[in-house]
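Quick notes on the structure that follows.
Starting from 1, each residue takes its place in the sequence as its number.
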Amino acid sequence: MKTRSPLSIGRFLLIFIIWWLIWALLQTVLLIRFKLSIGAAVTDSLVSNILVGLSCGFVCNNLQYYLPKKERYWYILFISLALSGLILAACKALLVPLLSDVHDTTQYASFFSQSWPVRFDIVFLQVGCMTILSVLWYSSGEDQQNMQRKVDAEKLAKEAELFKLRQQLAPHFLFNSLNSISALTGSHPEQARKMIQQLSEFLRGNLKKEEHQYVLLSEELQYLGLYLEIEKVRFGHRLSTHIETDEASLNMRLPAMLLQPIVENAIKFGLYDTTEDVTITITAKAEGNYVNLSVQNPFDPETTRPKQGTGFGLSSIQRRLYLLFARTDLLETKIEGSLFSTHVKIPQ
């Protein structure tokens, strides 16, 4: 989309007209001081400034269709010189015959010829300034449009990456759930049926959340409850959870489906390498302009060796938080003895 001409904007057009009226008045006063009659001075000023004003308007409007690039800015000089010469030639062709009845034709023609260099300089400056201002106006408009296209492209790329990251969350859990259902079908058909129903509700909720970037913590915990019910069918009495929240945190917002992959990670590395009962602790607290989330799971240091940094495959969560908030300090992990903790801060 091309940048609009400044003269198509009401307030700029008004300023343009007022500026030319003021200049025409000043030129009239100046011509009177050079011994021209009031009528001749007014006529000279009006004709000259109408021609210059129309030429400036022509240049301003047409530069929106062809804007010289940086290596061709010398075109501005050429346009200004050519137009200035044409304007003065038109002024002479119109004014000398027109003022023959008001002034002696020879006298006015002589005055016009003597004032030609000054007239040319003034017209050249007027046309040149208008041309330069127009180039700056349209160049600024192009820069803004290019910047907006860049922002839109980056936004689309970020949304695509976020969508890809979110789509990567469910498959691992889905494959494990289907394997568990397959194992339960023969020995515990009722549990298998229950797990299929829970999995269906979970996936339905997953699809609904694709429409929302952010949800309330209370909604996220309800969704997490569906996931935990499925996992408890898989692991039976070995898995238990403890959730602690304060009232203020429940109404705070966080990215949709953020807790589920963190808890899945805790379950994976808390239960897979041990036969003992495991309790996953989930806490949420409102602190200032943040909601602080913590997921804690025990692990066996002898069989499970956390990686450095975020570890435990949480890099995708950290990447998602960076894309949303442009910060790398929102996710932290800690190891204290046989406890692994994941801490997340969500700005409001």
Side-chain angles (χ1 to χ4, degrees), residues 165-212 214-247 249-285 291 293-299 304 312-314 316-317 320 339-342 344 346:
L165 289 171
R166 290 174 63 178
Q167 291 301 307
Q168 291 174 345
L169 300 179
H172 176 76
F173 160 72
L174 181 59
F175 297 149
N176 287 338
S177 298
L178 290 175
N179 287 332
S180 298
I181 291 171
S182 176
L184 291 171
T185 301
S187 57
H188 300 86
E190 288 298 324
Q191 286 186 340
R193 189 178 299 110
K194 178 182 178 181
M195 194 169 180
I196 290 173
Q197 292 174 348
Q198 292 170 335
L199 181 61
S200 175
E201 293 178 7
F202 176 82
L203 294 176
R204 188 181 296 113
N206 194 348
L207 291 174
K208 289 181 180 179
K209 283 179 177 287
E210 291 296 334
E211 302 172 0
H212 305 286
Y214 295 90
V215 296
L216 296 177
L217 176 62
S218 57
E219 297 175 6
E220 183 76 358
L221 290 176
Q222 290 177 1
Y223 178 73
L224 181 66
L226 292 173
Y227 165 75
L228 290 174
E229 287 298 322
I230 297 171
E231 294 292 66
K232 286 177 181 178
V233 173
R234 289 181 60 204
F235 295 103
H237 65 86
R238 292 181 55 216
L239 173 63
S240 61
T241 56
H242 179 66
I243 301 177
E244 294 181 5
T245 62
D246 56 19
E247 193 66 27
S249 65
L250 293 176
N251 294 317
M252 289 186 159
R253 305 179 73 83
L254 70 159
M257 294 190 298
L258 184 74
L259 270 177
Q260 184 269 327
I262 298 175
V263 174
E264 179 180 357
N265 183 79
I267 292 174
K268 175 181 178 182
F269 289 95
L271 277 84
Y272 283 16
D273 294 323
T274 182
T275 58
E276 298 178 358
D277 296 349
V278 170
T279 299
I280 307 295
T281 303
I282 304 164
T283 60
K285 294 181 180 180
V291 56
L293 306 172
S294 177
V295 178
Q296 187 178 74
N297 65 276
F299 73 100
T304 305
F312 285 12
L314 296 175
S316 62
I317 304 297
R320 186 179 172 197
L339 290 178
F340 184 86
S341 302
T342 303
V344 181
I346 306 298

I need the [X] [atom1] to [Y] [atom2] distance, nearest 0.5 Å.
X    : Y    : atom1 : atom2 : result
L221 : T245 : CG    : OG1   : 6.5 Å
M257 : I317 : CE    : CD1   : 10.0 Å
L271 : E276 : CG    : CD    : 10.5 Å
I230 : K194 : CD1   : NZ    : 11.0 Å
E231 : L226 : CD    : CG    : 12.0 Å
I282 : I262 : CD1   : CD1   : 9.5 Å

*I196: partners by side-chain contact (heavy atoms from CB on, under 4.5 Å), with sequence neighbours left out*: I181

_Sole residue of T281, T279, D277 in side-chain hydrogen bond (donor to acceptor under 3.5 Å, both in side chains) with S240_ = T279

*Is the backbone of L259 close enough, under 3.5 Å, to the side chain of E220 for a donor and an acceptor to pair up by distance?*
yes

*asked:* Quick one: does any side-chain atom of Q260 pair with a main-chain N or O of Y223 as donor and acceptor, under 3.5 Å?
replied: no

Between [X] and [Y], is any pair of side-chain heavy atoms under 4.5 Å apart?
X    : Y    : answer
Q296 : S341 : yes
V344 : L254 : no
N297 : I267 : no
T241 : K232 : yes
Q191 : M195 : no
M252 : L216 : no
R238 : V278 : no

_F269 versus F299, closest heavy-atom pair with distance_ = O-CB, 3.7 Å

*State, to 0.1 Å, how close S249 and A284 come at their nearest heavy-atom pair, and which atoms those are.*
OG-O, 3.5 Å

